[in-house]
Protein chains: 2
Amino acid sequence: MNKAEILVIDDEPQIRKLLEIILESNDYKVWQAETGKEGLIMAANHPPELILLDIGLPDRSGHEILKDLRTWYNKSIIILSVQNSEEDIVRALDTGATDYLTKPFRTNELLARIRSCIRKNNTDDSKSIFIFDELQIDFLSRIVKKNETILKLTSTEYNLLGLFARNEGRVLTHQFILKEIWGVGYQTETQYLRVFVGTLRKKIEDNPNDPKHIITESGVGYRFN
Amino acid sequence: MNKAEILVIDDEPQIRKLLEIILESNDYKVWQAETGKEGLIMAANHPPELILLDIGLPDRSGHEILKDLRTWYNKSIIILSVQNSEEDIVRALDTGATDYLTKPFRTNELLARIRSCIRKNNTDDSKSIFIFDELQIDFLSRIVKKNETILKLTSTEYNLLGLFARNEGRVLTHQFILKEIWGVGYQTETQYLRVFVGTLRKKIEDNPNDPKHIITESGVGYRFN
DNA sequence: TAACCTTCTTTATAATTTCTTTATATTTTC
DNA sequence: GAAAATATAAAGAAATTATAAAGAAGGTTA
């Protein structure tokens with residue numbers, strides 16, 4: 001449970017299959033999109049931890065997809081490409097690519113770069129373990145403990161708690177949270193959020209009726225302590 | 001204007017000179033270290049925005065220097081190496097390298113990767129905190145503290161306080177405040193304002209009967225100190 | 001394939017918080 | 001001191017949030 005999710009956007013079925021095998025055997029959950037358009041929709045509906053993007057897509061140039069993604073998606077995007085031209089690399093990196101690998105890539109290098117990117121996503125403070133009193137969140141192993149007992153969280157619950165933890169002390173608006181966890185297009189579904197905050201509180205709070213960690217800021221959003 | 005500072009740790013003088021020329025002509029301030037030990041000291045004394053580290057250093061393996069740096073340095077470290085072995089790359093990335101480039105590197109690609117890394121460093125939002133004696137307003141986190149204690153404000157109260165704070169020392173008319181907070185069409189509802197000024201004073205003033213922050217300007221409006 | 005389980009989505013309703021309004025007290029201004 | 005303006009308290013209305021639970025979707029197992 002709580003596998004990190006990776007979205008692969010590539011038009012070649014063999015590459016997708018290869019990546020699926022590699023990634024799943026390394027304990028990632030893999031989503032696949034065949035076209036840039038499909039990829040954009042999937043990313044928006046379900047923001048992954050990392051995106052592997054083929055720059056040579058048939059429908060729109062991968063560069064355009066990258067630009068589109070970067071208008072709202074702020075986690076890592078690794079570019080895969082048969083192109084090895086300096087111009088292409090510079091362009092991709094300047095559009096916001098996190099990394100650029102040329103095909104054929106080396107499996108272990110790809111995995112190491114993925115690990116590095118995911119680490120970066122989660123360590124805005126270069127920390128991988130967050131401790132809030134009796135609560136302990138380990139972003140590397142994706143394990144949450146309360147008083148040394150491992151909590152069973154669904155992946156949405158985990159993502160939500162992670163977002164809260166990385167923004168400790170800050171009021172997060174409903175819209176922001178919905179966008180980050182469910183994707184653009186879900187910004188009005190505040191009831192989702194209420195339900196999930198409810199289940200999270202039941203799991204992490206000593207007294208869910210008088211929460212100490214997830215504080216309601218009525219009319220605005222929530223704040224995590 | 002402040003140039004971003006880059007520390008180059010490399011034992012080859014030619015490479016250092018080359019990097020110096022490239023980087024300075026691209027408006028970076030360059031620091032140079034010849035050995036790993038020297039690099040560690042320089043980085044500690046004057047933490048740069050980014051470190052370029054040669055992995056094949058004579059005194060200690062670059063991997064060890066990297067590991068050492070990562071115990072406290074959390075900005076970007078780009079590895080430069082003549083080595084192109086997968087094992088080496090994986091090891092460096094897993095020890096916390098931000099990126100890995102093989103020598104000879106392509107100038108523009110290096111610059112693009114540097115830009116990408118520095119961009120990432122600077123994404124943590126610079127804080128915008130207003131302080132009025134014992135009162136502290138953080139507009140980014142949307143949090144108001146009085147003597148380090150977080151105040152619980154409704155969103156209207158927060159908006160009103162924010163308006164006051166941004167117009168410190170200025171007399172704001174009832175009409176202006178009502179228009180800003182409640183919108184046009186509410187300019188005559190001065191009673192709203194009285195009620196909310198009342199609740200705000202109860203929360204932020206030491207003695208609400210003798211307010212020091214929100215001053216009544218009878219017949220005109222209010223002024224915030 | 002069916003039965004089962006988990007998780008997510010949706011609906012209904014209860015509880016709480018915030019806002020608006022009214023009444024009355026207090027202060028300021030002239 | 002009287003009129004005007006401001007402050008406070010509190011009740012009712014409205015909006016927002018919380019909770020429970022049913023239905024739907026997806027995956028797993030026998």
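Reminder, nothing fancy here: chain letters follow the sequence lines and each chain counts from 1.
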(message) What is the separation between atom OH on A/Tyr186 and atom C1' on C/dC8, rounded to the nearest whole Å?
(response) 10 Å

(request) Apply side-chain hydrogen bond (donor to acceptor under 3.5 Å, both in side chains) to B/Glu189 and B/Trp182, showing your working. (result) CA-CA 9 Å; B/Glu189 302 283 358; B/Trp182 282 268; over 6 Å; no

Counting only pairs under 3.5 Å, give me each side-chain donor-acceptor contact of residues 169-180 of chain B, with atom names and distances, residues two or more places apart or in other chains.
{"from": "B/Arg170", "atom 1": "NH1", "to": "B/Asn167", "atom 2": "OD1", "distance (Å)": "2.8"}
{"from": "B/Thr173", "atom 1": "OG1", "to": "B/Phe176", "atom 2": "N", "distance (Å)": "3.1"}
{"from": "B/His174", "atom 1": "ND1", "to": "B/Val220", "atom 2": "O", "distance (Å)": "3.4"}

(message) From CZ of B/Arg223 over to P of D/dT6, roughly how many Å is that when rounded to an integer?
(response) 15 Å

(request) Say whether B/Thr216 and B/Tyr222, considering side chains only, have a donor N or O and an acceptor N or O under 3.5 Å apart. (result) no

(request) Rounded to the nearest angstrom, tell me the gap between atom CG in A/Asp210 and atom P in C/dA15. (result) 18 Å

(request) May I have the distance from B/Ile215 (atom CD1) to D/dT6 (atom C1'), rounded to whole angstrom? (result) 14 Å

(request) Would you kindly say whether A/Ser141 and A/Asp138 are connected by a side-chain donor-acceptor distance under 3.5 Å? (result) yes

(message) Just the rounded figure in Å: distance from P of C/dC8 to CG of A/Leu200.
(response) 11 Å

(message) In whole Å, I'd like the distance from the CG atom of B/Leu178 to the C1' atom of D/dT6.
(response) 14 Å

(message) Between B/Thr154 and C/dC19, is there a contact of a side-chain N or O with OP1 or OP2 at under 4.0 Å?
(response) yes

(request) Taking atom types as modelled, find out whether B/Tyr73 and B/Asp68 have a side-chain donor-acceptor pair closer than 3.5 angstrom. (result) no

(request) Would you kindly say whether B/Arg113 and B/Asn108 are connected by a side-chain donor-acceptor distance under 3.5 Å? (result) no

(message) Looking at every heavy atom in both A/Ala92 and A/Leu66, which two are closest together, and how far apart are they?
(response) O-CD2, 3.5 Å

(message) Let me check the geometry of the helix from C/dT1-D/dA30 to C/dC30-D/dG1. What is the bend angle between the axes at its two ends, five pairs each, to 10°?
(response) 30°

(request) Report the relative orientation of the aromatic rings in A/Tyr192 and A/Tyr186; use parallel for angles under 30°, tilted for 30 to 60°, perpendicular for over 60°. (result) tilted

Every protein N/O within reach of nucleotides 16-25 of chain D N/O, cut-off under 3.5 Å:
{"from": "D/dT16", "atom 1": "O3'", "to": "A/Gly219", "atom 2": "N", "distance (Å)": "3.3"}
{"from": "D/dT17", "atom 1": "OP1", "to": "A/Gly219", "atom 2": "N", "distance (Å)": "2.5"}
{"from": "D/dT17", "atom 1": "OP2", "to": "A/Arg194", "atom 2": "NH2", "distance (Å)": "2.9"}
{"from": "D/dA18", "atom 1": "OP1", "to": "A/Arg201", "atom 2": "NH1", "distance (Å)": "2.7"}
{"from": "D/dA18", "atom 1": "OP1", "to": "A/Thr216", "atom 2": "OG1", "distance (Å)": "2.5"}
{"from": "D/dA18", "atom 1": "OP2", "to": "A/Tyr222", "atom 2": "OH", "distance (Å)": "2.6"}
{"from": "D/dT19", "atom 1": "OP1", "to": "A/Asn209", "atom 2": "OD1", "distance (Å)": "3.3"}
{"from": "D/dT19", "atom 1": "O4", "to": "A/Gln191", "atom 2": "NE2", "distance (Å)": "2.6"}
{"from": "D/dA20", "atom 1": "OP2", "to": "A/Lys202", "atom 2": "NZ", "distance (Å)": "3.2"}

(message) Run the side-chain hydrogen bond (donor to acceptor under 3.5 Å, both in side chains) test on B/Glu205 and B/His213 for me, step by step, so that the C-alpha distance in whole Å, both residues' side-chain angles and the decisive distance to 0.1 Å come before the verdict.
(response) CA-CA 7 Å; B/Glu205 301 281 2; B/His213 288 298; 5.0 Å; no

(request) Rounded off to whole Å, could you give me the CG-to-C1' distance for the B/Leu151 and C/dT18 pair? (result) 17 Å

(request) Check whether any side-chain N or O of A/Trp182 sits under 4.0 Å from OP1 or OP2 of C/dT9, and answer yes or no. (result) yes

(message) At less than 4.0 Å, is any side-chain N or O atom of B/Tyr192 found next to OP1 or OP2 of C/dC19? Yes or no.
(response) no

(request) Grab the CD1-P distance between B/Ile214 and D/dT8 for me, whole Å please. (result) 11 Å

